[in-house]
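To start, the structure itself, in structure tokens.
Counting starts at 1 for both ligands and their atoms, following the listed order.
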Amino acid sequence: MADADVLDEVFEVIENRKETLPEDSYTASLFTHEKGENAVLEKLGEEMTELVLAAKDDDHEEIAHESADIVYHMLVLLSMKGMDLSDLRTELEDRR
Ligand SMILES: N=c1c2ncn([C@@H]3O[C@H](COP(=O)(O)OP(=O)(O)OP(=O)(O)O)[C@@H](O)[C@H]3O)c2ncn1[C@@H]1O[C@H](COP(=O)(O)O)[C@@H](O)[C@H]1O
């Protein structure tokens, strides 16, 4: 599966969780967190630090794990802000 398909699929699930707020969903818990958007912002900060440590250790498995955590939480943030993947794609395409 192409990377773009995975991103689209995960974003679609995030949008669905935002709308339906299932009780057992981690994504939904971010949208309803008492800290508001700070919950996802703090998570992004923590995971960025973990990525830096994984890179310093040259731990490729951990680098991939932390990168995926960051991408997922970044997608949640985009959804929280009423943005979507097209905003990200447009920004990247404009830089080519
Ligand atoms: N990609 C993710 C994803 N990445 C991370 N997380 C959750 O984020 C939480 C915190 O992540 P951490 O990595 O900080 O957790 P941790 O155990 O402290 O791990 P370390 O980094 O410290 O090793 C954990 O509960 C993870 O399960 C995610 N939760 C959900 N998704 C996607 O969202 C979909 C919907 O999930 P639900 O909303 O839970 O139904 C899933 O099918 C996935 O595709």
Side-chain angles (χ1 to χ4, degrees):
M1 184 185 290
D3 289 348
D5 295 335
V6 175
L7 289 180
D8 285 327
E9 278 184 22
V10 173
F11 193 77
E12 202 173 306
V13 171
I14 290 168
E15 291 279 82
N16 176 270
R17 295 292 193 268
K18 179 170 76 169
E19 201 172 309
T20 60
L21 297 178
E23 273 189 22
D24 59 350
S25 160
Y26 172 73
T27 312
S29 77
L30 289 173
F31 283 100
T32 58
H33 204 285
E34 61 183 9
K35 290 182 178 175
E37 72 176 23
N38 282 347
V40 75
L41 296 178
E42 284 173 13
K43 211 74 200 151
L44 280 166
E46 284 169 21
E47 276 145 15
M48 194 57 73
T49 301
E50 286 168 8
L51 176 61
V52 169
L53 294 175
K56 298 301 277 182
D57 288 343
D58 199 26
D59 183 338
H60 292 198
E61 197 175 323
E62 201 56 21
I63 290 170
H65 178 89
E66 298 306 339
S67 297
D69 278 353
I70 290 167
V71 169
Y72 160 75
H73 284 91
M74 182 201 66
L75 294 181
V76 172
L77 180 62
L78 286 179
S79 176
M80 249 175 214
K81 295 293 187 186
M83 298 169 68
D84 60 30
L85 275 171
S86 68
D87 294 297
L88 180 58
R89 290 201 171 97
T90 300
E91 180 66 28
L92 289 170
E93 281 163 9
D94 287 349
R95 296 179 185 190
R96 285 191 296 197

ask   = If Ile, Leu, Val, Met, Phe, Trp and Tyr residues are connected whenever their side-chain heavy atoms lie under 4.5 Å apart, and connections chain through other members, are I70 and L41 in the same group?
value = yes

inquiry  = Taking only non-hydrogen atoms of E66, do any sit less than 4.0 angstrom from ligand 1?
reply    = yes

request  = List for me each residue that meets side chain to side chain contact (heavy atoms under 4.5 Å, CB included) alongside E15, sequence neighbours excluded, and say none if there are none.
outcome  = F11, K18, S79

task = Pick one of side chain, backbone, both or neither for how Y72 approaches ligand 1, counting any non-hydrogen atom pair under 4.0 Å.
result = side chain

query = Are there protein heavy-atom neighbours of atom 39 (O) of ligand 1 below 4.0 Å?
reply = yes

inquiry  = Under 3.5 Å between any N/O of T27 and any N/O of ligand 1: does that happen in this structure?
reply    = yes

task = Would you confirm whether any non-hydrogen atom of the protein falls under 4.0 Å from atom 17 (O) of ligand 1?
result = no

ask   = Within the structure, does at least one protein heavy atom fall under 4.0 Å of atom 14 (O) of ligand 1?
value = yes

ask   = Linking I/L/V/M/F/W/Y whenever any side-chain heavy atoms sit under 4.5 Å apart, do L53 and L44 land together?
value = no

query = Is the closest protein non-hydrogen atom to atom 35 (C) of ligand 1 under 4.0 Å?
reply = yes

ask   = When you measure from the side chain of D94 to the backbone N and O of E91, does any donor-acceptor pair fall under 3.5 Å?
value = no

note = Ranked by distance from atom 44 (O) of ligand 1, the top protein heavy atom is V10 CG2, 4.2 Å

inquiry  = Show, in sequence, the C-alpha distance, side-chain angles and deciding distance for M80 and V40, and conclude whether the side-chain contact (heavy atoms from CB on, under 4.5 Å) test is met.
reply    = CA-CA 10 Å; M80 249 175 214; V40 75; 3.8 Å; yes

message = Using a 3.5 Å distance criterion without hydrogens, assess whether the side chain of T49 forms a donor-acceptor pair with backbone atoms of G45.
response = yes

task = Show which atoms of ligand 1 fall inside a sub-4.0 Å distance from at least one heavy-atom site of D69.
result = 4 (N), 5 (C), 12 (P), 13 (O), 21 (O)

key: Exercise check, heavy-atom protein proximity under 4.0 Å to atom 10 (C) of ligand 1   = yes

task = Specify whether the nearest protein heavy atom to atom 7 (C) of ligand 1 is under 4.0 angstrom away.
result = yes

query = So does E93 have more than 12 non-hydrogen atoms from other groups sitting under 6.0 Å from CD?
reply = yes

note = When distances are taken from atom 23 (O) of ligand 1, the protein heavy atom at minimum range is H65 NE2, 4.0 Å

Test item, E9 contacting ligand 1 (heavy atom, 4.0 angstrom) = no

request  = Please list, chain by chain and in numerical order, all residues satisfying salt bridge (Lys or Arg N to Asp or Glu O under 4.0 Å) with E46, sequence neighbours excluded.
outcome  = K43

query = Under 4.0 Å from any heavy atom of V13, which atoms of ligand 1 are there?
reply = 34 (C), 35 (C)

remark   = If you scan protein heavy atoms around atom 25 (O) of ligand 1, the nearest is Y26 CD1, 3.9 Å

request  = Please examine the side chains of D87 and T90, heavy atoms only from C-beta on, and report whether any two atoms are closer than 4.5 Å.
outcome  = no

query = Quick one: which ligand 1 atoms are inside 4.0 Å of a heavy atom on K43?
reply = 10 (C), 11 (O), 14 (O)

message = For atom 21 (O) of ligand 1, is there a protein heavy atom at a distance under 4.0 Å?
response = yes

query = Relative to each other, are the rings of H73 and Y26 parallel, tilted or perpendicular (30° and 60° limits)?
reply = perpendicular

task = Determine, using the 4.5 Å side-chain heavy-atom cutoff (strictly less than), whether V76 and V13 are members of one ILVMFWY cluster.
result = no

